[in-house]
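So that the names make sense, note that chain A is the first sequence line, chain B the second, and so on, each numbered from 1.
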Amino acid sequence: MADEKGLNFLEEIVENDLKAGIYKNIITRFPPEPNGYLHMGHAKSICLNFGLALKYGGKTNLRFDDTNPVTEETEYVEGIKNDIKWLGFEWAQELYASDYFEKLYEFAVVLINKGLAYVDDSSSEEIARLKGTPTQAGTDSPYRNRAVEENQRLFSEMRAGKYKDGEKVLRAKVDMAHPNMHMRDPLMYRIKHAHHHRTGDAWCIYPMYDFAHGQSDAIENITHSICTLEFIPHRALYNWFIEKLEIYPSQQYEFARLNMTYTVMSKRKLLQLVNEGHVRGWDDPRMPTLSAVRRRGYTPESIRDFCDKIGVAKRENLIDVGLLEFCVREHLNKIALRRMVVFDPLKVVIINYPEGKSEMLPGENNPEDHDSGNREIPFTNKLYIEQEDFMENPPKKYFRLAPGEMVRLKSAYIIKCEEMIKDDSGKVIELRCSYVPESKSGSDTSGLKVKGTIHWVSIPTAVTAEVRLYDRLFKVENVGDMEGDFKEYLHPNSLQILQNVFAEPSIKSAVGDERFQFLRKGYFTLDQDSSMDKLIFNRTVTLNDMWAKEVKKG
RNA sequence: UGCCCGAUGGUGUAACUGGCAACACGCUUGAUUUUGAUUCAAGAAAGUCCAGGUUCGAGCCCUGGUCGGGCAACCA
């Protein structure tokens, strides 16, 4: 069976349009508002918009939808550009809705001249009241039938700054009884005496989304304007403006936004988590933002793969975060350098290995990539192993270290636990083990077969580091479905910091965005807080752990 | 008492546009393994929201329901 996955509905639309000769090339756009950082939901949209243009021959513009100066900042513009580049996409042009303010103003005048727009002096409360309800028609505003000349004068006075915020608005004259609420004389312009991140103080009137988005699409000759489901009711208005203005007929299509288990995917909620200090910032590795998953160690390849796997459709969805984890494990398994790091140390002394002796043992950097070579791992008679790799009274299926039992030290020797040393409270604080000299990794002539292999670190050369372990941000699967404040469902232990773990010395050369697999522990990458004096690693994702599952089953 | 979307294994997406429901994740079992990782093999799991209709044949078309979601920011 060919693994040609069927086309998604948007690809189908594009293919049909191309086949019908409606377009020679397609042009899409990714239109973020610079009022927050991009998240995984945006990644889906980015992959979709850029992916379509890449697949069918065309281009994608990056257009900032910056029509609301009070929430938008240059900081976000830079962050967004950075995230898109990191994901691996290149936009044809970097554009801003604010580039079109003059043009949009002209469009508004055209509608005024056609008698299709009017200045309304009503308060926002009054406008809301006259709008009616979904089941009840609205009522015409008393200003609805102003003369064209008066509207022209008033609108230009609005622009000139003659009025205060909220004193007047420009509205499209459509139909106050329309069953679609968005068609009941929607606002086109409002007065905001606010500083805009790009146009500065040049304007004191700003277009609404509905009077900016479709027009911007038309100006750029966007063929397929793809947005999320909540804009479906706006489509009628989108088309109305295009028709009345007689501009390029961009077509709007809608798809279902991404939702993931154990997290939230709305800028509003994410901003709240940041502002109220529930996380350390937009790039806190527990966040679903792109800056956060990047910091956490996710690769752009794995995110693109994820976006590909989740598909595109119009029905609401809740994607298992486990799928994202699968994608990143799959990629990291191929590229991560293997290293041994002990998180929770238990001292082991090899009683028959000479005191003071040291040898270097080679360990594969990555068994999945034979070109990756080896690194040298020092071995001595004093080691750390993981506390959890020893049990005084092991259950039957436990095949790690136990009194009298043998285990393989990865890339080194087989050892046998000869003696336990306990403190006054009875806690095991040290193991005395013997090693089998003929069992050396790579030249094992011992003939011994052991069930378990564990990781270890030689104490004299151990390098200490900090490790940050992340768990799901929320403790419930479907946060959006819960009653009350979503913050009540935050997972209290989503971040666990281990200040002092012990790593093999080769870890010291870790740089930048190198990915590591700490054997049997998970995938890690250096955090940006890391320094020469203090190494800090983020756990990107754990390894699959059958044993943990077994233990859980009991 | 409106208008608009949607409904396929646990999750997500397919099904040559009317031809015996497939793929991925997850799950179970087994093999391999110097990571209880990876890899490999096998398997369980939906008869497509319901009821009618058209048809030789319906997940796809028609009708009527049911359920879920959206729509009344000078937000996008």
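For Ser439(A) (side chain) and Ile414(A) (main-chain N/O), a donor-acceptor pair under 3.5 Å exists by modelled atom type.
With respect to the salt-bridge test (charged N to carboxylate O, under 4.0 angstrom), the residues Glu325(A) and Arg472(A) qualify. Salt-bridge formation is not detected for the pair Asp66(A)/Arg198(A): no Lys NZ or Arg NE/NH1/NH2 atom is positioned less than 4.0 Å from an Asp or Glu carboxylate oxygen. At a threshold of 4.0 Å, the pair Asp305(A)-Lys309(A) counts as salt-bridged, since one of the basic side-chain nitrogens sits closer than that to a carboxylate oxygen. Remark: Lys521(A) engages Glu388(A) in a salt bridge, criterion side-chain N to carboxylate O under 4.0 Å.
For the pair Lys410(A) NZ and U34(B) C1', the computed distance is 5 Å after rounding to whole Å. Taking atom CG of residue Asp320(A) and atom P of nucleotide C25(B), one finds them 12 Å apart after rounding to whole Å. One atom, OH of Tyr262(A), and another, P of U11(B), lie 14 Å apart when rounded to the nearest Å.
With U35(B), A14(B), G12(B) as the choices, the nucleotide that has an atom nearest any side-chain atom of Leu318(A) turns out to be G12(B). Among the nucleotides C5(B), A7(B), G2(B), the one closest to the side chain of Lys314(A) is C5(B). Distances were taken from every side-chain heavy atom of Asn333(A) (C-beta onward) to each of U38(B), G12(B), U35(B); the shortest belongs to U38(B). If you check A7(B), G12(B), U1(B) against the side chain of Ile319(A), the one that comes closest is G12(B). Closest to the Asn317(A) side chain, of the nucleotides G26(B), G36(B), G12(B), is G12(B). Checking U8(B), A37(B), C5(B) against every side-chain atom of Leu543(A), the shortest atom distance belongs to A37(B).
Checking the phosphate oxygens (OP1, OP2) of C27(B), a side-chain nitrogen or oxygen of Lys549(A) falls inside 4.0 Å. At U33(B), none of the side-chain N or O atoms of Arg408(A) fall inside 4.0 Å of OP1 or OP2 (strictly under the cut-off). Listed pair Asn544(A) / U38(B) meets the phosphate criterion, a side-chain N or O lying under 4.0 Å from OP1 or OP2.
A donor-acceptor contact closer than 3.5 angstrom links the side chains of His213(A) and Arg29(A).
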Its dot-bracket string being built from Watson-Crick and G-U pairs below 3.5 Å, with | for another strand and [ ] for crossing, RNA chain B has the pattern .((((((..((((.....[..)))).(((((.......))))).....(((((..]....))))))))))).....
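Gly452(A) comes within contact range of no nucleotide atom at all, as no heavy-atom separation falls under 4.0 Å.
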With sugar-phosphate taken as primed atoms, P, OP1 and OP2 and all else as base, the protein-contact string of nucleotides 68-76 of chain B at under 4.0 Å (heavy atoms; B, S, -) is -S-SB-BSB
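Within a 6.0 Å sphere centred on CZ of Arg257(A), heavy atoms belonging to other residues, nucleotides or ligands number 12 at most. The number of heavy atoms from other shown groups lying within 6.0 Å of NZ (Lys416(A)) does not exceed 12.
Annotation: C67(B) and C75(B) have their P atoms spaced 36 Å apart (nearest Å).
Between Val312(A) and Leu519(A), it is Val312(A) whose nearest contact on RNA chain B lies nearer the 5' terminus.
Applying the 90° criterion around 0 to the glycosidic angle, G53(B) comes out anti.
Using a 4.5 Å heavy-atom threshold, the side chains of Val274(A) and Tyr37(A) count as separate.
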